[in-house]
Undergrad: 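Sharing a structure with you now.
Keep in mind that what you see is a predicted model, and the values were worked out from it rather than measured. A note on names: the letters A, B, ... follow the listed sequences, proteins ahead of strands, and every chain is numbered from 1.
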There are 2 protein chains.
Amino acid sequence: MTTHALPQPTRAELAILRVLWKQGPSTVRQVHELLRGTQDKDTGYTTVLKLLQNMTEKGIVQRDESERTHVYEAAISETRTQRDLLRDLMDRAFGGSATSVVAQALSMKRASAEELAEIRRLLDAHEKRGK
Amino acid sequence: MTTHALPQPTRAELAILRVLWKQGPSTVRQVHELLRGTQDKDTGYTTVLKLLQNMTEKGIVQRDESERTHVYEAAISETRTQRDLLRDLMDRAFGGSATSVVAQALSMKRASAEELAEIRRLLDAHEKRGK
DNA sequence: GGACATCTACGACGGGCGTCGTTGACTCTT
DNA sequence: AAGAGTCAACGACGCCCGTCGTAGATGTCC
């Protein structure tokens with residue numbers, strides 16, 4: 001198999017990944033500035049650089065160094081990462097029960113009617129596919 | 001407000017909490033042994049003790065020291081903890097979208113027909129209540 | 001009452017994470 | 001060509017987490 005066992009992104013790394021997923025390939029400076037816009041926390045430039053270097057080493061981002069100013073790009077998909085993280089939490093806190101997770105997700109949000117309808121649609125689609 | 005801002009349990013702490021939630025008030029030894037049954041990881045006795053002491057300090061477990069052998073009990077509810085953890089992950093990885101979380105939860109599990117029915121039931125109940 | 005087991009308490013450490021200062025290379029402007 | 005700005009690289013630090021060794025107190029058994 002040997003599929004993939006890329007290390008889970010840490011909190012700070014995930015924040016950076018979210019920028020890359022949204023903006024596409026970016027320089028350190030771009031990531032740094034966009035991060036400022038998103039986060040309340042103020043992260044230094046060199047911190048972001050270091051994080052991106054670490055992430056490159058781990059293989060969760062890819063770096064283009066053809067130009068002097070390097071360009072970074074996410075090397076793992078958002079969906080896959082979400083799945084891995086949710087799977088992990090589900091196992092650790094919900095005894096592996098997807099039902100419990102959904103229950104909590106519903107109970108927590110002032111889940112808008114729109115959201116509820118969307119979820120129902122998902123459910124239908126999923127059920128049909130399964131059958 | 002001032003409700004509560006108890007620190008989030010760490011991974012190892014959460015594993016212990018799960019034992020306490022399931023078994024109710026327990027001694028260190030009991031937790032230690034039950035943990036062995038659940039986990040693949042082999043944790044030393046003093047490690048569990050230390051963890052429980054830390055957790056007591058943080059206020060996420062409560063300790064009865066009336067007897068020589070202390071008895072520990074979870075001080076935060078399972079449901080609340082699940083909610084907090086899921087909320088955190090939802091914000092960090094799903095942009096706060098409950099819908100996305102549900103979508104991932106569904107897509108990941110070979111969600112049994114039984115589970116799907118249960119989820120649908122939850123959805124109905126939730127929708128009715130909201131209306 | 002001595003030997004042994006059980007339990008809590010204390011302190012230490014190794015690793016990882018997030019943080020940043022500093023340095024040296026490169027580039028641009030004037 | 002000098003000075004100012006930008007950038008990647010490196011190393012260090014403080015913190016927290018999980019781990020455990022060891023000590024000391026308390027109980028138990030012959």
Side-chain angles (χ1 to χ4, degrees), chain A residues 5-20 25-36 38-73 81 85 88-89 92-93, chain B residues 5-20 25-36 38-73 81 85 88-89 92-93:
Chain A
L6 289 190
Q8 297 277 91
T10 66
R11 293 180 93 86
E13 289 171 352
L14 182 57
I16 289 181
L17 278 176
R18 282 176 53 75
V19 171
L20 293 180
S26 310
T27 66
V28 176
R29 181 152 306 276
Q30 287 171 326
V31 171
H32 176 235
E33 280 166 7
L34 290 174
L35 217 47
R36 292 207 156 213
T38 312
Q39 306 263 129
D40 44 347
K41 187 101 175 127
D42 253 26
T43 310
Y45 174 90
T46 52
T47 301
V48 176
L49 170 62
K50 179 66 157 185
L51 257 339
L52 279 166
Q53 286 171 166
N54 293 344
M55 292 164 81
T56 304
E57 195 125 348
K58 294 185 191 174
I60 65 186
V61 299
Q62 208 170 359
R63 176 170 54 190
D64 175 2
E65 6 185 323
S66 62
E67 301 294 328
R68 172 161 128 83
T69 302
H70 299 175
V71 176
Y72 292 86
E73 181 177 3
T81 303
L85 290 173
D88 179 61
L89 184 63
R92 274 172 33 234
Chain B
L6 289 189
Q8 298 277 89
T10 64
R11 291 180 95 87
E13 288 171 352
L14 182 58
I16 289 181
L17 278 176
R18 281 176 53 77
V19 171
L20 293 180
S26 310
T27 67
V28 176
R29 182 150 305 276
Q30 288 171 326
V31 172
H32 176 236
E33 279 164 7
L34 290 176
L35 217 48
R36 291 207 156 211
T38 312
Q39 306 263 128
D40 44 347
K41 188 103 174 125
D42 253 27
T43 310
Y45 175 89
T46 52
T47 301
V48 176
L49 170 62
K50 179 66 157 183
L51 258 339
L52 279 166
Q53 287 171 165
N54 294 140
M55 293 163 82
T56 303
E57 195 124 351
K58 294 185 190 174
I60 65 185
V61 300
Q62 208 170 0
R63 175 169 56 188
D64 174 2
E65 5 184 321
S66 62
E67 301 294 329
R68 172 162 128 82
T69 302
H70 300 175
V71 176
Y72 293 86
E73 182 177 2
T81 304
L85 289 173
D88 180 61
L89 184 64
R92 275 173 31 235

Undergrad: With heavy atoms under 4.0 Å as the rule, sort A/T10 into base, sugar-phosphate or nothing.
TA: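 Sugar-phosphate, no base atom in range.
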Undergrad: Please report the shortest heavy-atom distance between B/I60 and B/E13, naming the atom on each side.
TA: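 Closest heavy-atom pair between B/I60 and B/E13: CD1-OE1, 3.8 Å.
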Undergrad: Measure from the side chain of B/V28, starting at C-beta and using heavy atoms only, and say which of D/dT6, D/dA9, C/dT8 lies closest.
TA: C/dT8
Undergrad: Closest nucleotide of DNA chain D for A/R63 versus for B/T47: which of these residues is on the 5' side?
TA: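 Looking at the nearest nucleotide for each, A/R63 comes out on the 5' side.
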Undergrad: Without decimals, in angstroms, what is the distance between B/E57 CD and D/dC16 C1'?
TA: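 To the nearest whole Å, that distance equals 14 Å.
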Undergrad: Got a sec: does the CD of A/Q8 have more than 12 other heavy atoms crowding it under 6.0 Å?
TA: yes
Undergrad: On a plain distance test, is the side chain of A/R68 in donor-acceptor contact with the base of C/dT27 below 3.5 Å?
TA: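 No pair found.
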Undergrad: Take atom CG of B/N54 and atom P of D/dT19, then tell me their distance rounded to the nearest Å.
TA: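 Result: 12 Å.
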Undergrad: Classify A/T43 by what it touches in the nucleic acid, base, sugar-phosphate, or nothing, heavy-atom distance under 4.0 Å.
TA: sugar-phosphate
Undergrad: Please determine whether a side-chain nitrogen or oxygen atom of B/R29 lies at a distance below 4.0 Å from atom OP1 or OP2 of C/dC7.
TA: yes
Undergrad: Of the nucleotides D/dG18, C/dG21, C/dA9, which one has an atom closest to the side chain of B/T46?
TA: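 Closest nucleotide among those given: C/dA9.
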Undergrad: Could you please name the option among C/dT19, D/dG18, D/dT19 that lies closest to any side-chain atom of A/L51?
TA: C/dT19
Undergrad: Look at all strands and tell whether A/Y45 reaches a base, only sugar-phosphate, or nothing, counting heavy atoms closer than 4.0 Å.
TA: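 Contact class for A/Y45: sugar-phosphate only.
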Undergrad: Would you mind reading off the distance between B/H32 atom NE2 and D/dG18 atom P, rounded to a whole angstrom?
TA: 16 Å
Undergrad: If I take atom CE from residue B/M55 and atom CZ from residue B/R63, how far apart are they, to the nearest 0.5 angstrom?
TA: 12.0 Å
Undergrad: Can you measure A/K58 atom NZ to C/dG15 atom C1' for me and round it to whole angstrom units?
TA: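 Going from NZ in A/K58 over to C1' in C/dG15 covers 13 Å.
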Undergrad: Given atom NZ of B/K50 and atom P of D/dC17, what is their separation to the nearest angstrom?
TA: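 After rounding, the gap between these two atoms is 12 Å.
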Undergrad: Counting neighbours of CD on B/Q62 that are heavy atoms of other residues, nucleotides or ligands and sit closer than 6.0 Å, is the number greater than 12?
TA: no
Undergrad: Grab the CZ-P distance between B/R11 and D/dT19 for me, whole Å please.
TA: 12 Å
Undergrad: Can you measure B/E13 atom CD to D/dC17 atom P for me and round it to whole angstrom units?
TA: 7 Å
Undergrad: Shortest non-hydrogen contact from A/I16 to A/L35?
TA: CG1-CD2, 4.0 Å
Undergrad: Nearest to the side chain of A/L49, which nucleotide is it out of D/dA8, D/dG21, C/dG18?
TA: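 Given the options D/dA8, D/dG21, C/dG18, the side chain of A/L49 is closest to D/dA8.
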Undergrad: Heavy atoms only, 4.0 Å cut-off, all strands: where does B/Q53 land among base, sugar-phosphate and nothing?
TA: base
Undergrad: Taking OH from B/Y72 and C1' from C/dC7, how many angstroms apart are they, rounded to a whole number?
TA: 10 Å
